[in-house]
Every structure is written in C-alpha cells, then in structure tokens.
Amino acid sequence: MKLFKTRSGIVVEHQHQCYLALSDDWDTLVNRDDLYPFLSQRLAEATPSDQYRGLTENQLQAPIGKQEVWASGVTYLRSRNARMEESKKSGGDNFYDRVYDAERPELFFKATAERVVGPGDAVRIRKDSTWNVPEPELTLFITSAGKIVGYTCGNDMSSRSIEGENPLYLPQAKSYDGSAALGPCLYVPEAPITPDTKIQLDIIRDDQAVFTGSIAIDQMKRQHTELVSFLFRECSFANGCYLMTGTGIVPPDDFTLRVGDEIRITIDSIGTLTNVVAM
Ligand code: DO4
Ligand code: MG
C-alpha cells in the first residue's frame, strides 16, 4: 500500500482503491511497527473515494513530518570506484576503499525535513560547486523502535567537486537547502521489498535524455538491517527516521547537472520521483 502526503491530508492507495486519511497526524500514523496490518485493518472498515485518484505532483508533498533524513555511503561498488577516482588528487581515495570493506558502514546526517523537497519541487545545486549529480537511492522509513516499515525514492544531491577536494568537506557537499528529495509516496509493503527491485535514473535536458542508468538493490554490499543497526546504536528518533541506502548509479565524470534539468528516479513498486534542478 502507498501513503501520499497531500496538501489536503494523507491519502492511502491500496488494492486499486484510494482512501482519505485515517489521521491527519503524519508522525503518529507512520511511526508504528505494525503499520501494514494496522492500515489494512482500518481500510477494511473505510469507504474508498474516487476523489483521491490520479493525484498530480502539485497536490503532493514530500512524505515527511518531523523525521530526520540520514544517508549511507559507498554501499555499491560503482560508488566506491567513482569516489576513489574523484578524490585521487586530494589523497583521499583510500578512505572509500577502506569503508567499502570495513565492518562499520559510512552513515551521515543528510537533512532536516525543512531541507527536503517533494515531488515536482526544485532540488538545488550549490552556487560554489562546479560538479553536481543526483544520487538515486532506495530510502528506508524506520520506526522509533528500529523497524523498517516503509520505503520511498530518495535523491541524495551531491557536489562532487567539493567532496573530491577533501573528504572532510562531505557535510558541505551533501547538506544544504534543497539537497534532498523524497517521494512520491511512502510505500508500505506486507513483507520487505524484494532484492530484484530496480532503481532507474533518467536525466532530461531540453526534452532529451542526457543520462540513463539502472541497478537492482541486490547489488548493494550491505543489508538494510545492518545499516539500521549501526544508525540506531547511539541515536534515538522520537518520530522514526529516513535512511537513504546509497547510490549504485553514478553518471560519467564529464557529466554535471545544469539548472533546468529534470531528474526522474523510478523504483519498482514505489513509483517515480521527479524534480527540476535550480540554483
Ligand atoms: O562518501 C561519500 C558519499 C557516498 C554516497 O553518498 C553514496 O555512496 O551514495
Ligand atoms: Mg549517496
């Protein structure tokens, strides 16, 4: 089932029917370990409404309330290789190699909810950055108790020029206003998402695809539960949290985003998150 956060309330789509909000309080609704059975039971007593079918992007908001957004890095071989190349000159390349093989994963704070944009909104590139890419990432929704109950598409917008200059600049390369996008919905399945789930990235410039790539999530080096267990070691989350799981799709080194580019991130079972690039 899918939960859409809209300007007029929370809409649930389940078995080809749409229902208006069981509650208006996003944070309380989603932070339940029994989210799927709870919603299923409530929907069995609810009346579907055609009014909420075919929601358009301008009705949707990012599926987030008071949650923090965290991110994992170097979880796919492609990411490790691209970052080793990018930071060779600075001498930072072997950090990526080492973290890929280490027991402890790379986890970093990505964004507060205020820095996150939703479907159809503008993601930003930094004015002091010369090399920018989107990172399409399966993003987990985890309850306060540490249970993964949902998934969404995430965009971990990144400055490769700042990151490549010095690994210690990572927070500036990754966290700034409009640096994260989430949506189009929170996908709440009965069972964990399947390993053959595919992530696809399309970047459109002047109506032409200038980059297309895809990868299945089973190419990831680490387990979702492993990332969550490290994140929850010494952090608590009163309203649950989001965790991006890293990118396995990196455009070639001569590619950088331009203002006006459209970024489409599609993940099987979840849908497509579309954003336009602004400065
Ligand atoms: O280590 C830098 C960031 C890695 C990252 O964001 C990713 O692999 O997706
Ligand atoms: Mg990333």
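Computation of the quantities below employed the complete heavy-atom set of this structure, encompassing side-chain atoms and omitting hydrogens, waters and symmetry-equivalent molecules. Ligands are counted one by one from 1 in listed order, and the atoms in each one are counted from 1 as well.
In this structure, CG on L227 lies 11.0 Å from CD on E106, to the nearest 0.5 angstrom.
When hydrophobic residues (I, L, V, M, F, W, Y) are linked wherever their side-chain heavy atoms come within less than 4.5 Å, the members clustered with Y100 are V74, L77, M84, Y96, V99. Alongside L55, the hydrophobic cluster contains F4, V11, L20, Y52, L60 (criterion: ILVMFWY side chains under 4.5 Å).
Closer than 4.0 angstrom to ligand 1 sit non-hydrogen atoms from S72, G73, V74, S79, R83, Y96, E106, F108, E135, E137, D156, E163, L170, K174, G246, T247.
Note: the hydrophobic cluster containing F237 does not contain L35 (ILVMFWY, side chain heavy atoms under 4.5 Å, direct or indirect links).
For the pair L257/I203, a side-chain contact is recorded, criterion being any heavy-atom separation below 4.5 Å from C-beta on. Side-chain contact between I263 and V123 is present, with at least one heavy-atom pair separated by less than 4.5 Å.
The aromatic rings of Y242 and F141 sit perpendicular, their planes meeting at an angle over 60°, well past the 30° parallel limit. Taking the six-membered ring for Trp and thresholds of 30 and 60 degrees, H224 and Y151 have ring planes inclined between 30 and 60 degrees apart.
Relative to the six-membered ring of F95, R98 meets both conditions, a distance below 6.0 Å and an angle of at most 45° to the axis.
At a cut-off of 2.8 Å, measuring from the Mg ion (ligand 2), the protein N, O or S atoms that fall short of it are E135 OE1, E137 OE2, D156 OD2, waters left aside.
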